Number of protein chains: 2
Amino acid sequence: MVENNELRKAGLKVTLPRVKILQMLDTTEQRHMSAEDVYKALMEAGEDVGLATVYRVLTQFEAAGLVVRHNFDGGHAVFELADTGHHDHMVDVDTGEVIEFTDASIEKRQREIVEEHGFELVDHNLVLYIRQRK
Amino acid sequence: MVENNELRKAGLKVTLPRVKILQMLDTTEQRHMSAEDVYKALMEAGEDVGLATVYRVLTQFEAAGLVVRHNFDGGHAVFELADTGHHDHMVDVDTGEVIEFTDASIEKRQREIVEEHGFELVDHNLVLYIRQRK
DNA sequence: CTCTCTGCAAATTATTTGCAGCTGG
DNA sequence: CCAGCTGCAAATAATTTGCAGAGAG
């Protein structure tokens, strides 16, 4: 299976908790999960993994570039698989729903702005907080 | 003094801790301060204010629109006076330095994107993580 | 076998809240 | 006065860490 190679490439042993967590992120329909979400989902699936392990593994995955961590408003971080390309997020402030998008002109303008200031762009984070138009 | 009016307009009594915190935000050269930063600065200035009060007051100020809360990466929130207009941030990943900027074309494009999806823009958050070009 | 990993519980960090007393209008 | 405020300590919430045993290569 593909997952195992991902783990090996990251220099991580292929262990049960790691495979389960990776599969969970891969198969769930919910692209953005908090550590708690992953933990609960594993519990419900009958997998016996500690919450601390979920945090540790997600952090390792982030370091390995397998997942991306987002700090939306509201205190807790969410993770998503890094398999699709880069994109930004819109968060519906009423429902909490997360929508992904990318916009080339914004990306381009960001690079220009940074260069005008004499820096290089390492990363960026754009979140649009939105609401259904009534 | 101006501060007192700001507070009254917000429906908040003009109390010592509130005035001190507002002045601290106004006079410090560091535009972005965490609750802890404000607390320590007050201690050093010989003011006796509880950390809990700093949190409470900053939250009230945010609700009143006097300050803006930002959730940059790294676990803790920072606050800044809302006296200047809206702007976004660049954070130097090496030094931690924060630079403010605005860009009309990005702002405009954001609104367009949101509308294309049938939403209205409530707020947004853009942080560029940068590094000195070598 | 050995070194990495894991579970559990205890520790930290950031922030919030209950409550009895203080204070501004 | 007296409702709104404050300090302190205790309560939460999210995440991290220490440690002894389990498991991968």
Side-chain angles (χ1 to χ4, degrees), chain A residues 1 3-24 32-43 45-64 66-79 96, chain B residues 1 3-24 32-43 45-64 66-79 96:
Chain A
M1 39 199 71
E3 280 97 359
N4 298 8
N5 281 318
E6 305 274 21
L7 290 174
R8 278 206 200 81
K9 257 188 292 182
L12 299 171
K13 281 193 177 174
V14 179
T15 63
L16 209 34
R18 285 180 183 152
V19 174
K20 289 299 174 193
I21 291 173
L22 202 46
Q23 285 180 347
M24 178 66 30
H32 304 80
M33 302 183 87
S34 66
E36 194 86 31
D37 289 340
V38 173
Y39 176 68
K40 281 189 202 141
L42 288 173
M43 292 279 97
E47 304 295 342
D48 189 13
V49 180
L51 177 55
T53 300
V54 173
Y55 274 104
R56 258 183 308 227
V57 168
L58 286 175
T59 303
Q60 293 161 344
F61 283 3
E62 188 198 7
L66 291 176
V67 306
V68 181
R69 177 198 304 254
H70 298 289
N71 289 298
F72 297 155
D73 287 2
H76 63 296
V78 296
F79 299 81
Chain B
M1 39 198 67
E3 281 95 359
N4 299 8
N5 281 317
E6 306 274 21
L7 291 175
R8 279 208 199 79
K9 257 188 290 180
L12 299 172
K13 280 191 178 175
V14 179
T15 63
L16 210 34
R18 285 181 184 152
V19 174
K20 290 298 174 195
I21 291 173
L22 201 46
Q23 284 180 348
M24 178 63 33
H32 303 82
M33 303 183 87
S34 65
E36 195 86 31
D37 288 340
V38 173
Y39 175 68
K40 282 190 201 138
L42 288 173
M43 292 280 95
E47 303 295 343
D48 188 14
V49 180
L51 177 56
T53 300
V54 173
Y55 274 104
R56 257 183 307 228
V57 169
L58 285 174
T59 303
Q60 293 161 345
F61 284 3
E62 188 198 7
L66 290 175
V67 305
V68 181
R69 177 199 304 255
H70 297 289
N71 290 297
F72 297 156
D73 287 1
H76 63 296
V78 297
F79 299 80

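Chain letters run A, B, ... following the sequence lines, proteins first and then strands; every chain starts at 1. Worth knowing before you read on, the calculation uses all heavy atoms, side chains too, and leaves out hydrogens, waters and symmetry mates. Owing to the predicted nature of the structure, the values given are computational and were not obtained by experimental measurement.
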Inset, instruction - Starting from C1' on dC5(C), measure out to NZ on Lys20(A) and report it in whole angstrom. - result: 17 Å
Legend entry - Rounded interatomic separation in angstrom, taking CG from Asp48(A) and P from dA22(D): 14 Å
Legend entry - Nucleotide nearest Thr59(A) when distance is taken to its side chain, options dC5(C), dG7(D), dT16(D): dT16(D)
Inset, instruction - First locate atom CG of Leu51(A), then atom CZ of Arg56(A), and finally report the distance between them rounded to the nearest 0.5 Å. - result: 10.0 Å
Legend entry - Spacing of Asn71(B) atom CG relative to dT13(C) atom C1', expressed in whole Å: 15 Å
Legend entry - 5'-most by nearest nucleotide on DNA chain C - Val14(B) or Ala35(B): Ala35(B)
Inset, instruction - Return the minimal non-hydrogen interatomic distance between Glu47(A) and Met43(A), and the atom names on each side. - result: O-CE, 3.2 Å
Inset, instruction - Hey, could you give me the CE/CD distance between Met33(A) and Glu36(A), rounded to the nearest 0.5 Å? - result: 11.0 Å
Legend entry - Phosphate OP1/OP2 of dT6(C): any Thr15(A) side-chain N/O under 4.0 Å: yes
Legend entry - Residue whose closest nucleotide on DNA chain C lies nearer the 5' end, Val78(B) versus Leu16(B): Val78(B)
Legend entry - Atom-pair distance (OH on Tyr55(B); P on dT13(C)), nearest Å: 12 Å
Inset, instruction - Check the distance between dT23(C)'s C1' and Leu12(B)'s CG and give it to me in whole angstrom. - result: 15 Å
Legend entry - For atom CG of Leu51(A) and atom P of dA13(D), their distance in whole Å: 14 Å
Legend entry - Pairwise distance CZ(Arg18(A)) to CD(Glu6(A)) - rounded to 0.5 angstrom: 14.0 Å
Inset, instruction - May I have the distance from Tyr39(B) (atom OH) to dA14(C) (atom P), rounded to whole angstrom? - result: 14 Å
Inset, instruction - Check whether any side-chain nitrogen or oxygen of Arg18(B) sits under 4.0 Å from OP1 or OP2 of dT6(D), and answer yes or no. - result: yes
Legend entry - Rounded interatomic separation in angstrom, taking CD from Glu36(A) and P from dT15(D): 9 Å
Inset, instruction - State which of dA9(D), dG23(D), dC19(D) makes the closest approach to the side chain of Arg56(A). - result: dC19(D)
Legend entry - Proximity to the side chain of Ala52(A) - top-ranked nucleotide from dT6(D), dA14(C), dA9(C): dA9(C)
Inset, instruction - Show your reasoning for whether side-chain contact (heavy atoms from CB on, under 4.5 Å) applies to Val38(A) and Phe79(A). - result: CA-CA 9 Å; Val38(A) 173; Phe79(A) 299 81; over 6 Å; no
Inset, instruction - Looking only at side-chain atoms of Pro17(A), point me to the closest of dT15(D), dC3(C), dT6(C). - result: dT6(C)
